[in-house]
Every structure is written in C-alpha cells, then in structure tokens.
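Before any comments, here is the structure.
Predicted model, so just to flag it, every value in this text is computed and none were measured. Side chains included, hydrogens not; waters and symmetry mates left out as well; all remaining heavy atoms used.
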Amino acid sequence: MLAEVIEDTRKFAEESGLYEKRILMLFSGGKDSSLALYILKEAGLNVSSLTFFHRWSWREPLNWAMKFTKKLGVEHYLVDITEGLLREAVGRKGSVCINCKKVMLWNAKWFALNNGFDVLAKGDNANDKIIGALLDQCEGDIRLCDIPRIGIPFFRPLIKYPADVIEELAEEAGIKPYRMYEHARRRQWREGCPLQYIDKEKIVTPELMDLAYKVNYEVSKVARRRKVRVSVRVPSFEIMCWDCDEETLEEVRSIIRRFGGNVDAPAGKAEE
C-alpha cells in the first residue's frame, strides 16, 4: 500500500508542477506529519521540515523528530514561538491550542516566504475535518490549495486517507514516534502539548502554563511505564485516563498531591 501511495503522490506532484517547487513541511513529529514527510521524500520532492516549539513543548518527541529527519536526510528548521504564544494566549480564556495554531500559521507563512519556499505542506488526514475554514474551501483537488489570503499554497498529501489507513501506512514505513502517553482528545493517538490541559474556563497565565507542563510531565512517566494514557487538567486537577486501574489512579493522585491539588474528585470520563 505504501508504494502505491508514494507513486500516487509522485504522479500528482508531476501534474501539479510540484517538482519545480521548494516544499516546507510543518512537522510536529507525530505520526501524520512524519508519514507525510517520509512520502514526499520517497517521491523525490524537494522538501524540508519546520518544527515549532515553545517553553512548554515536550522535549522527548522533539528529540525523536530531529533523529527522524536526520535519518531521512531532510533539512530541519526549529523555531521557538514562546514569545508569540505568550502574547496571544496569556490573559485570555479558552483553548491555548487555538492561539498557538494562529501563531504557528503566520510564522510558517513568513518563514517560508522569507526563505524561498514555494509551498507549505501539512500532515492532515481525512479525519481532520476542522483544519480551518480557509483550507476547507479550496477548489479542485483538496490536496493542493492555493489560498490568496495566506499567500502561499498548502499541500496535504494525506488528506484523502482516513486515520486507520494512516496507521497501516506508518507501520509499513516503520514510523514509530515517541509517545508521551497523553490522554489526548481522541482514542486514536493524537498527542500535542500539555498546554491543552489548562481548564478552558480559566484565564491563561504563565503560572498555569508552567503547572500544566510540570504536572503532566510527571504523570506521563506513570502513563508510559504502565502503558495507559493519562493527562490532568489544571488547575482543577481532573484526571483523564484511558484504561486506568485503581493502582494507576492512586499514583497519579500522589503526583497531584505534590502540587497541592485536590484528589477527592473522581477521574474524568474519557470521550470517544
């Protein structure tokens, strides 16, 4: 199957003139973006990768991502967006992720334009229904969207493949990203960063951002050792867990106690 996808990507790239373009992959180090980068490289396209990080990013997945691009022989740029994230998120309610994505999008646009890249690429798959209204409105083949408002086209080589197919393709390619064993937002592997676990009704502060990182980093050690998926919201200290037994929950509660949290509330219910 992987060979067919690579060949299909190669044919599409020829038809779309992508072999004459410099492509910059927005590379998180997750399974989707890793597979997309692998396919573009195997298809012979001129692709480089760009990874954004900030003060609260997981370091272990970033280290894995750097080793992955080195093995592929792909140029890899790292950009620290801490200042932009603080500017956009602090003092506001709601998901930090929304503000972070805005910072990453505009940084990606200007990085690409200032460094001679012609196309931005993303690892979105068919299950990523909410990519942003702009990309959802592109005309023609949804793999390549020319969006005047952004000023640079987006290439999404995996957008027609659902998550279960992505899993099979990644396994065939031998792609096994480093996992923090987060609870995440869906049962499928979908990790991000600890800032997504700040309670949405709270005003975001640097102190809350620090707390989200520290608590969930300690919790991730338990989750990884026990091979379950756990995260903790802050400052409510609500525990979210897939398949946790009571012994695991008690370990997590002991971590919460160290950070002054209330452990009397029941663990949160996982959502499909």
Side-chain angles (χ1 to χ4, degrees), residues 24-30 32-33 48-62 65-66 76-115 117 119-124 128-138 145 147-156 180 182-186 190-217 220 231-238 240 259:
L24 183 64
M25 170 66 66
L26 303 186
F27 178 54
S28 68
D32 291 0
S33 63
S48 299
S49 58
L50 172 64
T51 299
F52 293 113
F53 68 97
H54 49 70
R55 187 190 307 168
W56 305 276
S57 296
W58 300 130
R59 290 299 184 263
E60 290 84 349
L62 180 59
M66 293 168 66
H76 191 176
Y77 299 95
L78 302 177
V79 174
D80 187 342
I81 58 168
T82 299
E83 289 187 12
L85 180 58
L86 285 168
R87 184 172 57 251
E88 292 293 329
V90 170
R92 298 180 181 180
K93 286 185 180 181
S95 172
V96 174
C97 300
I98 294 174
N99 297 308
C100 189
K101 286 178 180 178
K102 181 167 67 173
V103 172
M104 287 191 291
L105 175 62
W106 290 106
N107 271 276
K109 168 189 172 178
W110 291 112
F111 185 94
L113 293 176
N114 290 332
N115 289 279
F117 289 96
V119 177
L120 287 173
K122 294 174 96 272
D124 301 333
D128 294 318
K129 299 301 182 184
I130 305 301
I131 311 303
L134 291 174
L135 288 180
D136 291 338
Q137 293 171 6
C138 64
C145 299
I147 306 169
R149 181 177 169 185
I150 298 298
I152 187 167
F154 273 89
F155 181 32
R156 300 184 290 172
M180 295 299 292
E182 290 181 59
H183 172 270
R185 290 168 291 182
R186 283 182 279 188
R190 180 67 74 180
E191 299 192 328
C193 89
L195 300 186
Q196 66 182 305
Y197 303 114
I198 295 176
D199 292 316
K200 291 183 179 180
E201 71 277 8
K202 296 296 182 181
I203 297 292
V204 176
T205 65
E207 291 75 21
L208 268 183
M209 297 164 92
D210 289 343
L211 182 62
Y213 176 85
K214 292 175 182 177
V215 171
N216 280 287
Y217 188 78
S220 74
S231 296
V232 175
R233 295 190 190 278
V234 298
S236 66
F237 291 104
E238 175 190 2
M240 299 176 293
F259 287 93

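- To the nearest 0.5 Å, atoms NZ (Lys102) and SG (Cys100) are separated by 11.5 Å.
- Surrounding CD1 of Ile98 are at most 12 heavy atoms belonging to other residues, nucleotides or ligands under 6.0 Å away.
- No donor-acceptor pair under 3.5 Å is formed between the side chain of Asn99 and the backbone N or O of Leu85.
- Between Gln196 and Glu182, some side-chain heavy-atom pair lies under the 4.5 Å cut-off.
- Here the CG atom belonging to Asp124 is positioned 10.0 Å from the OG atom belonging to Ser33, to the nearest 0.5 angstrom.
- To the nearest 0.5 Å, atom CG of residue Leu62 and atom CZ of residue Phe27 are 9.5 Å apart.
- Taking the side chain as every heavy atom from C-beta outward, His54 and Val103 never approach each other to under 4.5 Å.
- The backbone N or O of Met25 lies less than 3.5 Å from no partner atom in the side chain of Ser49, so there is not a single donor-acceptor pair.
- If you take SG on Cys193 and CG on Asn216, they are separated by 9.5 Å, rounding to the nearest 0.5 Å.
- Taking both residues in full, the closest heavy atoms of Leu120 and Ala112 are given as CD2-CB, 3.9 Å, listed atom of the first, atom of the second, then distance.
- For the atom pair CG (Asp80) and CZ (Phe53), the distance works out to 4.0 Å, reported to the nearest 0.5 Å.
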Working for side-chain contact (heavy atoms from CB on, under 4.5 Å), residues Tyr217 and Glu60: CA-CA 11 Å; Tyr217 188 78; Glu60 290 84 349; 2.5 Å; yes
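- Between Tyr213 and Trp58, the distance separating the two ring centers is shorter than 6.0 angstrom.
- Leu86 places a side-chain heavy atom less than 4.5 Å from the side chain of Met209.
- Closest heavy-atom contact between Phe154 and Leu26: CE2-CD1, 4.4 Å.
- Under a 3.5 Å cut-off, the side chain of Asp199 and the backbone N or O of Glu201 do not form any donor-acceptor pair.
- For the ring pair (Phe, Tyr, Trp, His ring centres under 6.0 Å) with Phe111, the lone residue among Tyr77, Trp106, Phe52 that qualifies is Tyr77.
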